[in-house]
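Convention: sequence-line order gives letters A, B, ...; per-chain numbering from 1.
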There are 2 protein chains.
Amino acid sequence: MKKGHQVTMKEIAKKLGVSVSTISRALKDSPELHPDTKKRIVEMAKEMNYQPNLLAQSLRISRTNTLGVIVPEITSHFFASCISGIQDHANKRGYNVMICQSNETLELEKANIRTLVSSQVDGLLISLSRETNKYDHLFDLYNREIPFLLFDRVNEDIPVSRVTFNDEGGAYHVTKHLLETGCKRVMYVSGPEDLYISKKRKEGYLHALTEFGIDADPELVKISDLTSEGNVKIAHEIAKMTNRPDGVFCMIDPVALDFMSVWKPMGIKIPDDMALAGFTNNPASAVIEPPLTTVAQPGYEMGKLAVSHLLDQLEGQASDDPISIVLETTLLPRQSTKAL
Amino acid sequence: MKKGHQVTMKEIAKKLGVSVSTISRALKDSPELHPDTKKRIVEMAKEMNYQPNLLAQSLRISRTNTLGVIVPEITSHFFASCISGIQDHANKRGYNVMICQSNETLELEKANIRTLVSSQVDGLLISLSRETNKYDHLFDLYNREIPFLLFDRVNEDIPVSRVTFNDEGGAYHVTKHLLETGCKRVMYVSGPEDLYISKKRKEGYLHALTEFGIDADPELVKISDLTSEGNVKIAHEIAKMTNRPDGVFCMIDPVALDFMSVWKPMGIKIPDDMALAGFTNNPASAVIEPPLTTVAQPGYEMGKLAVSHLLDQLEGQASDDPISIVLETTLLPRQSTKAL
DNA sequence: CTGTTAGCGCGTTCAT
DNA sequence: ATGAACGCGCTAACAG
């Protein structure tokens with residue numbers, strides 16, 4: 001299939017018997033040209049259905065007004081919300097957005113960066129894949145002075161701005177909630193240990209335990225690979241424990257949902273036998289039976305803040321010095337934990 | 001913030017004392033140059049961390065290897081799946097993807113098209129907004145010979161390829177399932193009437209009724225604006241009916257989920273008082289209590305097929321004549337309807 | 001107020 | 001086997 005021809009300035013110029021630069025000036029409403037010619041040109045452009053070639057324009061001004069976004073996966077409701085926030089606010093400020101997903105692999109993350117850089121994006125918003133434990137590609141970006149920031153899945157060693165939730169605080173509150181509602185043995189089910197949020201949420205968990213004068217029990221910390229199979233395996237392990245926890249805090253909602261699907265058929269009562277809480281507030285968490293206590297993370301807001309900060313930096317309205325923006329989370333107590 | 005400089009061919013050329021065209025040839029592995037120089041150039045390019053400027057390249061060859069995608073909203077799990085399928089398979093064939101959302105408005109849909117066309121995308125994959133009831137912008141695209149196709153939310157008057165589900169068939173099967181499991185008065189809750197899927201699913205609903213020798217009752221068709229408020233309002237209307245339906249088929253899952261949230265606190269038993277079924281298989285539908293009978297639509301598969309066909313057309317591996325690709329759906333009987 | 005010129009980075013003739 | 005020259009569509013500096 002051959003693409004139809006696009007009207008260019010040259011063609012308008014020929015038709016009107018003026019030079020291309022005059023067209024260019026008219027179309028960007030330059031003050032220094034006769035109102036009549038300007039009017040003639042604008043009308044002709046509309047008549048011919050002229051659309052500027054952004055490629056040529058970007059090449060010329062060496063700016064694309066396009067941002068690149070990399071997320072682990074677009075089908076996650078949380079990341080989709082982030083993207084939505086990024087896109088809406090980028091558009092509002094005259095920027096377009098190119099979105100890529102790493103599918104949680106380091107390899108694709110690198111490839112995405114390469115593509116976006118080749119596409120000459122003005123800046124990047126990156127949320128790291130689960131697999132990412134080496135950061136050369138990001139330091140490389142930094143060394144090449146390509147503006148970018150990290151959001152949600154961040155790493156603290158790279159000297160760029162980052163936007164995160166108060167994961168430690170959120171985990172503290174949910175653990176505290178479990179303890180306040182009568183749990184004595186609260187378990188933390190973590191994701192892979194080098195994940196930023198695994199660590200942060202564990203800190204919050206431990207903080208709450210300490211506050212209640214409880215010693216951390218290594219038996220009460222489990223690590224899931226976050227696949228459905230992994231979660232199911234751990235659910236069975238917990239069910240078989242001779243000395244079960246009476247409260248379980250899962251690093252993310254899907255783990256808790258998988259646990260429920262295993263425990264409910266076994267007759268384990270939630271929250272009476274074990275209270276259960278998650279993190280992120282997936283849509284499914286609100287409708288499952290019993291509804292899952294969790295921690296809300298406003299993804300749209302995160303996207304908005306992230307893109308606003310990056311654009312502020314790009315446009316010189318914010319310092320280039322890295323800053324850390326921390327969003328607060330909200331505990332959503334529901335029936336999977338006991339009432340106060 | 002100022003973006004760091006990107007290495008160009010010119011710089012490699014100067015460093016190696018050869019001409020730019022030689023660099024160009026070496027980097028695209030042209031056969032007609034000395035293996036040694038080629039090797040030298042490739043090595044130097046890697047050392048200097050050269051990345052081609054896709055803008056310049058695209059301008060030159062007047063092809064961007066980029067596709068544009070427009071969806072109503074990215075936060076819908078179904079559309080996120082489509083995007084995922086599109087992206088994976090576009091990448092596989094060496095194409096990038098620019099994603100836009102119309103937020104269900106005609107205005108943004110038009111703006112998105114303008115942006116993507118200006119960005120010189122090689123083709124477009126479009127799923128129409130709910131609001132779209134005029135099609136000038138699409139006919140315009142057609143007249144300008146810009147390759148595009150429609151998926152899921154399509155219109156049949158535009159002479160381009162489209163990829164849809166067998167909506168009629170899916171609705172037929174779910175209605176038939178309701179009738180087979182004992183329902184006598186089955187209601188259809190539709191979305192706005194000019195929506196393609198509203199019409200198609202109604203046809204399937206009517207088809208099943210006819211097959212069971214039941215006359216269509218206008219009281220048993222309701223139209224929702226598909227907002228949560230609209231759904232809740234209709235849920236109450238149904239609850240108040242003197243002659244309630246004993247089975248309700250909702251055009252999309254969220255409507256059914258909203259109905260449940262209204263009916264459960266009222267003590268209406270599902271499926272005994274009213275059986276309930278949806279369409280699309282949202283993640284939440286599987287975990288709600290009782291789990292919602294629905295129709296699975298493989299979004300990833302749809303995205304894959306759509307992008308494959310468009311690329312086939314672009315690359316001359318498929319005829320330019322519009323075709324209609326229809327994907328089959330799968331009925332997922334769950335506890336919100338009675339067992340057979 | 002408008003036209004001429006130059007060049008963004010790259011690929012592609014046409015020479016040699 | 002390599003270089004010089006041109007142009008993709010556009011903007012901007014300079015000239016008049």
Side-chain angles (χ1 to χ4, degrees), chain A residues 2-42 44-45 48-66 115 117-122 144, chain B residues 2-42 44-45 48-66 115 117-122 144:
Chain A
K2 254 190 67 186
K3 226 171 68 170
H5 176 71
Q6 301 268 71
V7 178
T8 67
M9 288 188 175
K10 203 194 212 168
E11 291 168 22
I12 305 180
K14 193 157 73 177
K15 205 142 198 166
L16 254 40
V18 295
S19 81
V20 181
S21 23
T22 305
I23 308 289
S24 174
R25 281 190 271 252
L27 262 29
K28 63 171 24 193
D29 206 29
S30 156
E32 47 170 34
L33 85 168
H34 198 89
D36 288 357
T37 35
K38 188 189 292 187
K39 201 177 152 213
R40 265 175 55 216
I41 292 171
V42 171
M44 178 59 82
M48 296 175 73
N49 204 357
Y50 169 79
Q51 313 245 136
N53 184 326
L54 292 185
L55 248 52
Q57 185 174 321
S58 298
L59 182 62
R60 184 60 182 81
I61 67 178
S62 53
R63 212 161 35 83
T64 52
N65 275 25
T66 299
T115 306
V117 169
S118 275
S119 299
Q120 311 296 118
V121 294
D122 295 338
R144 292 165 68 187
Chain B
K2 254 189 66 185
K3 227 173 63 171
H5 178 70
Q6 301 268 73
V7 178
T8 68
M9 289 190 174
K10 202 193 209 167
E11 292 168 22
I12 306 181
K14 194 157 72 177
K15 205 142 200 164
L16 254 41
V18 295
S19 81
V20 182
S21 18
T22 305
I23 307 291
S24 175
R25 281 190 269 253
L27 262 27
K28 63 170 27 197
D29 206 28
S30 158
E32 46 170 32
L33 84 170
H34 199 90
D36 288 356
T37 36
K38 189 189 290 189
K39 201 177 154 212
R40 265 175 54 217
I41 291 171
V42 171
M44 176 58 83
M48 295 175 73
N49 203 356
Y50 169 78
Q51 314 243 135
N53 183 327
L54 291 186
L55 248 51
Q57 188 173 323
S58 298
L59 183 61
R60 182 62 182 82
I61 65 177
S62 52
R63 212 162 34 84
T64 52
N65 274 24
T66 299
T115 305
V117 169
S118 275
S119 298
Q120 312 296 117
V121 293
D122 294 339
R144 293 164 67 187

inquiry  = If I take atom CD from residue Glu11(B) and atom CE from residue Met44(B), how far apart are they, to the nearest 0.5 angstrom?
reply    =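 Answer rounded to 0.5 Å: 11.5 Å.
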
Does [N] have OP1 or OP2 under 4.0 Å away from a side-chain N or O of [X]?
{"X": "Thr22(B)", "N": "dT2(D)", "answer": "no"}
{"X": "Gln57(A)", "N": "dG9(D)", "answer": "no"}
{"X": "Thr8(B)", "N": "dG9(C)", "answer": "no"}
{"X": "Lys10(B)", "N": "dC8(C)", "answer": "yes"}
{"X": "Ser62(A)", "N": "dC8(C)", "answer": "no"}
{"X": "Lys28(A)", "N": "dC10(D)", "answer": "no"}

message = Nearest heavy atom decides the nucleotide; on that basis, is Arg25(A) or Lys38(B) closer to the 5' end of DNA chain D?
response =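 Here Lys38(B) is the residue nearer the 5' end.
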
How many Å lie between [atom1] on [X] and [atom2] on [N], as a whole number?
{"X": "Ile61(A)", "N": "dA12(D)", "atom1": "CD1", "atom2": "P", "answer": "7 Å"}
{"X": "Tyr50(A)", "N": "dC10(D)", "atom1": "OH", "atom2": "P", "answer": "4 Å"}
{"X": "Glu32(A)", "N": "dG16(D)", "atom1": "CD", "atom2": "C1'", "answer": "13 Å"}
{"X": "Ile12(A)", "N": "dC10(D)", "atom1": "CD1", "atom2": "C1'", "answer": "12 Å"}
{"X": "Glu11(A)", "N": "dC8(D)", "atom1": "CD", "atom2": "C1'", "answer": "13 Å"}
{"X": "Leu27(B)", "N": "dC10(C)", "atom1": "CG", "atom2": "P", "answer": "9 Å"}
{"X": "Leu55(A)", "N": "dC10(C)", "atom1": "CG", "atom2": "P", "answer": "13 Å"}
{"X": "Leu54(A)", "N": "dT11(D)", "atom1": "CG", "atom2": "C1'", "answer": "14 Å"}

ask   = Do Ser21(A) and dT4(C) have a side chain to base donor-acceptor pair shorter than 3.5 Å?
value = yes

inquiry  = Please check this pair: side chain of Ser24(B) against backbone of Val20(B), looking for a donor-acceptor N/O pair closer than 3.5 Å.
reply    = no

task = Mark yes or no for whether Lys38(B), through its side chain, and Pro31(B), through its backbone, hold a donor-acceptor pair below 3.5 Å.
result = no

key: Nearest-nucleotide pick for Leu33(B), side chain only, options being dT2(D), dT2(C), dC1(C)   = dT2(D)

query = Considering only dC1(C), dA13(D), dA12(D), which nucleotide approaches the side chain of His34(A) most closely?
reply = dC1(C)

inquiry  = Just to be sure I understand the rule, does Ser58(B) reach a base, reach only the sugar-phosphate, or reach nothing, if contact means heavy atoms closer than 4.0 Å?
reply    =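 Result for Ser58(B) = nothing.
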
query = How would you label the contact of Val18(B) with the nucleic acid (heavy atoms, under 4.0 Å): base, sugar-phosphate, or nothing?
reply = sugar-phosphate

ask   = At their closest point, which heavy atom of Val121(B) faces which heavy atom of Lys3(A), and how far apart are they?
value = O-NZ, 3.2 Å

key: Min side-chain heavy-atom separation Thr22(A)-Leu33(A) under 4.5 Å   =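 Contact flag for Thr22(A)/Leu33(A) side chains = yes.
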
